[in-house]
Amino acid sequence: MDVAVSVAREAAALALSSRPSAIRDVDTKTSKTDVVTAADVAVEQLVRSRLEELRPGEPVFGEETGGAMAEPGQVCWVIDPIDGTVNYLYGLPWYAVSLAAQIDGISVAAAVLEPETGREWTAIRGEGSWRDGVSLRVSDATRLDMALISTGFGYRAERRERQAAAVARLLPKVRDIRRPGSASLDLCSVAAGWVDGYVEHGLSRWDWAGGALIAEEAGAEVHLSTGPDALGPDLTFCATPGIADQLSVAIKEAGLTEEMP
Ligand code: IPD
């Protein structure tokens with residue numbers, strides 16, 4: 001975790017300082033709305049070179065430049081250089097650098113840092129999770145109809161049409177829905193009790209690798225699409241235990257657990 005935090009601090013500083021020029025140098029990826037700024041690439045490169053110095057030989061898997069997964073039992077670093085790139089582009093402060101260490105595809109240490117606020121979300125598997133050093137605990141919600149749930153949408157039009165229709169079916173059953181725009185921070189928000197649950201279809205490993213551990217260590221029930229207890233193809237599920245069963249039934253009825261284009 002110490003390595004993750006120190007590298008993520010440097011990365012966060014670069015994301016913040018390079019924003020004025022980086023948002024003028026923008027490319028697109030999976031669709032015309034899926035943007036990548038010069039900072040996404042520069043931050044990932046910085047993280048890769050720092051990890052090479054501090055943890056030589058350990059593989060790094062990142063959003064912008066991919067990379068090989070590790071050998072069994074070996075540490076692999078998973079980086080999302082800017083999670084919430086669209087927010088970053090617009091100047092909305094809700095974005096983060098997410099860095100996690102995984103072994104056999106399971107996160108064991110994590111740092112999710114918010115460049116704009118300086119907030120630091122961290123976790124070590126089996127030891128807990130913290131915001132700026134203060135231990136995190138999920139909310140004590142027990143009623144789905146009084147629960148605040150966050151979610152997100154993919155970048156492809158066909159997929160988001162299906163996602164939005166499913167979320168519309170969920171909306172009457174909960175207190176309200178939020179779409180903040182950064183998956184790692186959505187997961188941290190469950191950890192902090194800022195929302196009671198989070199579900200999103202179609203995330204990549206770098207989106208959840210840091211935040212899912214932070215939420216789990218704060219007591220959340222987490223089901224990842226890569227795990228044996230996945231609730232649906234490509235589905236990331238995270239909730240405080242008091243509403244987890246009700247939410248899993250509701251998202252199934254809403255169609256969020258189905259395969260989507
Ligand atoms: C995106 C954000 C967003 C989520 C998308 C992700 P990016 O990550 O986490 O909240 O809805 O699915 O791709 O592209 O900003 O790194």
Side-chain angles (χ1 to χ4, degrees), residues 8 11-12 14-16 19 22-23 26-45 47 60-67 78-100 107 110-116 121 149-164 166-167 170 177-191 194-195 197-215 222 224-226 232-238 251 256 260-261:
L14 178 62
L16 191 62
R19 188 177 171 273
I23 59 169
V26 180
D27 212 341
T28 55
K29 296 190 284 187
T30 58
S31 81
K32 64 181 189 299
T33 55
D34 184 5
V35 287
V36 53
T37 71
D40 293 78
V41 177
V43 169
E44 183 162 322
Q45 272 163 5
V47 170
V60 180
F61 184 62
E63 174 167 21
E64 308 310 337
T65 38
V78 183
I79 164 86
D80 191 335
I82 298 180
D83 181 36
T85 304
V86 173
N87 288 351
Y88 180 79
L89 184 67
Y90 277 74
L92 237 168
W94 193 242
Y95 65 91
V97 172
S98 172
L99 183 55
S107 299
V112 174
L113 266 57
E114 293 177 56
E116 301 276 347
W121 306 83
I149 306 298
S150 71
T151 190
F153 305 109
Y155 289 109
R156 288 202 315 276
E158 318 78 51
R159 174 170 284 194
R160 46 175 47 190
E161 191 177 0
R162 288 275 301 275
Q163 290 171 321
V167 170
L170 179 64
I177 295 283
R178 294 288 180 269
R179 195 291 188 241
S182 168
S184 60
L185 292 176
D186 284 323
L187 290 158
C188 291
S189 297
V190 178
W194 292 354
V195 294
Y198 164 67
V199 279
E200 181 162 349
H201 174 273
L203 292 184
S204 299
R205 182 176 292 270
W206 48 76
D207 294 310
W208 57 255
L213 178 63
I214 291 165
V222 176
L224 300 167
S225 59
T226 52
D234 254 358
L235 188 79
T236 303
F237 176 98
C238 176
I251 61 166
L256 251 176
M260 295 199 192

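Atoms within a ligand are numbered from 1 in the order they appear, just like the ligands themselves. Since the structure is predicted, the reported quantities are computational estimates derived from the model, not experimental observations.
Looking at residues two or more places apart in sequence or on another chain, you find a side-chain hydrogen bond (donor to acceptor under 3.5 Å, both in side chains) between Ser31 and Thr33.
At distances below 3.5 Å, at least one donor-acceptor pair connects side-chain atoms of Ser182 with backbone N or O atoms of Asp83.
A side-chain hydrogen bond (donor to acceptor under 3.5 Å, both in side chains) with Thr85 holds for exactly one of Asp40, Thr37, Asp34; it is Asp40.
Closer than 4.0 angstrom to ligand 1 by heavy atom are Glu63, Asp80, Ile82, Asp83, Gly84, Thr85, Gly152, Phe153, Tyr155, Arg179, Gly181, Ser182, Ala183, Glu200, Leu203, Asp207, sorted by chain and number.
When all heavy atoms are compared, the tightest approach of Leu256 to Val199 is CD1-CG2, 4.0 Å.
Glu200 CD to Ile251 CD1: the interatomic distance, rounded to the nearest 0.5 Å, is 12.0 Å.
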Could you walk me through whether Val112 and Leu185 pass side chain to side chain contact (heavy atoms under 4.5 Å, CB included), step by step?
-> CA-CA 8 Å; Val112 174; Leu185 292 176; 3.9 Å; yes
